[in-house]
Amino acid sequence: MKKTRVIVSIFLVLFVSLATLGATGAKEAPKGEVLDILWRIGGQGEYMNPAIEKFKEMYPNVEVKLEYNPKAEDVLRPRLISGNPPDIFQVNVGTFDFFGAIEEGKLRVLDDVMKMTPVGESITIGDKLQSNVMDALKSDGHYYIVSDNLNLSGLLYDKALFAKYGWKVPETWDQFVALCEQIKKDAPNIAPVVFPGMYPYYLTNAFFLSNVASFGGQQAIKDLNNLTPGFFTSAPFVKAAERIQYMRDHGYFHKGLIALSHTESQMEFINHRAAMLAAGSWVFNEMAGNWPPGFELASMLPPTKIKAGDPGYMRASNSYVAISADAKNPEMAIELLRILYSEPIRKQVAKDYTMIIPVESISEGLDLPKEVLSAFALLDEPLNELFITPYEVWYNPFNTTFQDLISSLVMGNIDAKKFSESMEAAAEQVRKDSSIKKYKLY
Amino acid sequence: MKRERGYKSFIAVNLLPTLILYAVFYIYPFLKTFYVSLFSWRGLSKNMKFIGFANFAKLFKDPIIWKATKNNLFFLFWGTIVIFLFSLFFSTVMARKKFKEMGFYRIVFFFPNMLSIIVVGLIWKFIYNPSFGILNTVMEFLGLGKYIKVWLGDPSTVMGALVVPQAWMYIGFYMLLFFAAMQNIPEELYESAKLDGAGEIRQLFSITIPLIWETMRTAFVFFVINAFSKTFNLVFVVTRGGPSRSSELLTTYLYQNAFQFSDFGYATAIGVYLFVILFVISFIVLKFTKAETYEY
């Protein structure tokens with residue numbers, strides 16, 4: 001009888017252990033294993049900490065070597081060349097050529113990861129993440145990169161300032177023009193719009209491209225990403241450029257913005273020397289500690305609609321995570337991803353670090369500060385859509401030319417026609433250069 | 001004879017560690033740069049594709065290269081003139097007038113040189129700020145409002161606006177360099193010149209400059225090197241080469257190609273081009289400034 005009880009107890013323990021393992025999907029890791037992690041640290045802080053804590057809890061035998069570094073890409077490059085890369089990393093998309101690394105065979109294919117489930121869930125990672133965001137990260141039909149954070153670009157404003165002057169948040173372009181005229185009349189010391197002229201892509205992403213989308217829909221954005229011949233001299237692009245020219249000619253831009261860095265332009269906005277800031281959902285965190293009492297930061301959908309009732313468009317950007325092809329411990333790196341995408345961690349990093357993992361219902365169940373939520377809540381409205389711009393990463397020199405030309409357009413060195421023609425010429429250069437790999441957004 | 005050989009071996013052994021470090025960390029990467037410039041290389045793996053002189057062919061057709069070269073030459077020309085004139089003026093005044101507060105002036109003038117160039121850049125960014133910068137505020141106060149500009153945001157003023165912090169930073173250094181050289185000039189020479197009726201200007205051109213000429217030649221080479229390689233940080237912090245590449249330099253463009261565009265082959269070709277320019281200009285400067293050395 002006693003023997004039977006022991007056997008039953010052993011089975012019970014085994015059953016419970018297996019059931020627990022089944023629920024989390026945890027794998028046994030032998031002692032001595034190391035997980036080597038390199039993560040860029042920016043405005044959102046050490047946001048991997050919750051996932052790492054959970055990982056250590058699940059895999060106490062695995063030693064975690066974690067490096068947070070603001071210039072993580074500078075650390076990564078020599079490590080990739082020497083064949084000693086971190087197992088998993090997240091670095092700056094602007095200064096690390098992810099797609100070049102794919103072509104060089106330096107990143108692990110993640111197709112299998114997309115079919116796995118986040119820890120404790122039944123839906124696959126591929127189904128959980130936003131398909132339009134993830135599809136843009138594919139190369140030759142395969143996933144090599146996943147996204148761990150999504151930001152939205154748009155116009156920011158101070159609700160209190162708008163209330164003080166009785167200004168209404170515009171929806172359409174006509175309403176926007178009327179508002180800018182009103183601002184000029186009511187408050188001559190407040191410029192209607194500011195953006196960091198040192199980094200003209202802020203205007204491109206927060207406003208110009210939404211205009212392109214308003215004139216040509218998602219198809220226009222696809223054409224832009226795919227550098228479709230003739231697109232840059234076609235109506236959606238030219239009309240969007242004419243709107244920037246109109247803003248310039250009517251004095252809607254802050255007069256000194258061309259010399260401003262991003263923090264300087266943000267300070268102009270905070271100090272009410274500009275009514276609207278072309279930036280994005282990260283600004284609340286980035287300027288933490290600088291918001292004056294009474295400042296009610298809020299996001300508006302780029303007011304680019306042709307008429308009320310049209311769809312609204314916001315550009316989304318995301319940071320990239322990859323597992324090295326030469327990773328010494330790819331299995332544990334995958335486990336870390338499964339933890340990162342699990343619901344408790346998704347909610348915790350949103351609450352503690354305002355880091356938004358790009359899942360299908362993006363802001364659902366998240367406890368976000370109202371300033372950040374105001375941007376993501378705009379996407380809850382059925383007609384509003386986000387769009388993505390992987391061309392920036394695919395064709396980095398082309399994107400730099402794009403931003404130089406935007407800067408010239410704002411400064412008044414060129415007009416919308418010349419801008420569009422120069423863009424078409426720059427795109428043609430990429431198209432005919434056989435040494436540049438071409439990508440396509442479907 | 002044997003003793004002399006032993007002495008030479010002793011010197012060689014002492015020099016060897018430094019020479020090895022110099023060879024590994026300076027000469028080898030330097031030569032490797034020439035080699036890499038002949039390849040297409042992303043800098044992400046060891047995969048390099050030999051393309052001969054294609055990077056150089058691209059370089060000569062690249063309009064940004066010419067713009068950047070022009071901007072570097074602007075720094076060289078105007079930076080040299082401003083820094084040279086001011087540092088020579090201050091060092092001469094300090095050496096000849098023997099002010100009581102000389103120690104204080106030396107510290108004041110040299111102070112900017114002790115600051116990091118990043119700090120210098122940020123200070124001047126504040127000075128030029130279009131909304132609250134002290135420059136525009138003072139100009140407005142003085143009734144010069146109509147001349148106010150967005151100094152760093154206007155392609156016609158940005159380069160001039162960048163030369164000013166560069167000069168502010170280096171004037172003190174060259175002032176001390178010239179001042180130290182002037183300290184070695186015997187006072188009797190000036191006294192004799194005075195007796196012969198030579199004024200301060202005549203003394204400057206007939207005594208001071210000829211006797212510190214070798215120091216000045218060295219300074220000219222420093223000017224060339226500074227204009228091409230020491231301007232990177234300033235421009236990177238203050239304008240990032242903008243607006244619309246109006247202040248792009250060869251070094252900022254090199255950096256962009258390497259670290260933003262992952263085109264290390266082309267970036268190293270720009271590095272080689274930079275070396276050739278520096279070499280040629282330095283050679284010309286040394287050749288054409290060669291003069292008789294006076295011993296005193």
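Every value quoted in this text rests on a predicted model; they were computed, and no experiment measured them. Just so you know, these numbers use all the heavy atoms, side chains as well, and skip hydrogens, waters and symmetry mates. Chain letters run A, B, ... following the sequence lines, proteins first and then strands; every chain starts at 1.
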Answer with yes or no whether the side chains of [Y] and [X] bring together a donor and an acceptor at under 3.5 Å.
{"X": "A/Ser324", "Y": "A/Asp326", "value": "no"}
{"X": "B/Ser247", "Y": "B/Thr239", "value": "yes"}
{"X": "A/Ser82", "Y": "A/Asn84", "value": "no"}

Looking only at A/Arg79, A/Met411, A/His254, A/Gln403, the option with the highest number of non-hydrogen pairs under 4.5 Å against chain B is A/Met411
Taking B/Arg245 for the side chain and B/Lys67 for the main chain, is one N or O donor matched with an acceptor at less than 3.5 Å?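 No; judged by distance alone, with no hydrogens or angles, the pair does not exist.
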Ring pair (Phe, Tyr, Trp, His ring centres under 6.0 Å) evaluation trace for A/Phe96 with A/Phe98: CA-CA 6 Å; A/Phe96 182 78; A/Phe98 273 88; 5.1 Å; yes
Does any backbone or side-chain atom of [X] lie under 4.5 Å from a heavy atom of chain A? Answer side chain, backbone, both or neither.
{"X": "B/Phe264", "value": "side chain"}
{"X": "B/Ala161", "value": "neither"}
{"X": "B/Val158", "value": "neither"}
{"X": "B/Asn257", "value": "neither"}
{"X": "B/Tyr128", "value": "neither"}

Given the options A/Asp97, A/Asn92, A/Asn399, A/Asn396, B/Gln260 meets side-chain hydrogen bond (donor to acceptor under 3.5 Å, both in side chains) only with A/Asn396
Please classify the contact between [X] and chain B as side chain, backbone, both or neither, with a heavy-atom cut-off of under 4.5 Å.
{"X": "A/Glu73", "value": "neither"}
{"X": "A/Asn413", "value": "side chain"}
{"X": "A/Tyr395", "value": "neither"}

Select, from B/Ser40, B/Gly43, B/Pro130, the one with the greatest count of heavy-atom pairs under 4.5 Å involving chain A.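 Result: the option with the highest number of such pairs is B/Gly43.
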Max heavy-atom pairs within cutoff under 4.5 Å with chain A, candidates B/Leu44, B/Val150, B/Leu152, goes to B/Leu44
### Task
For ring pair (Phe, Tyr, Trp, His ring centres under 6.0 Å), just list the numbers for A/Tyr391 and A/Tyr439, CA-CA rounded to whole Å, side-chain angles, deciding distance to a tenth of an Å, and then say yes or no.
CA-CA 8 Å; A/Tyr391 75 89; A/Tyr439 297 87; over 10 Å; no
Does A/Arg40 come within less than 4.0 Å of A/Asp74, counting only side-chain N to carboxylate O?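 Salt bridge flag = no for A/Asp74 with A/Arg40.
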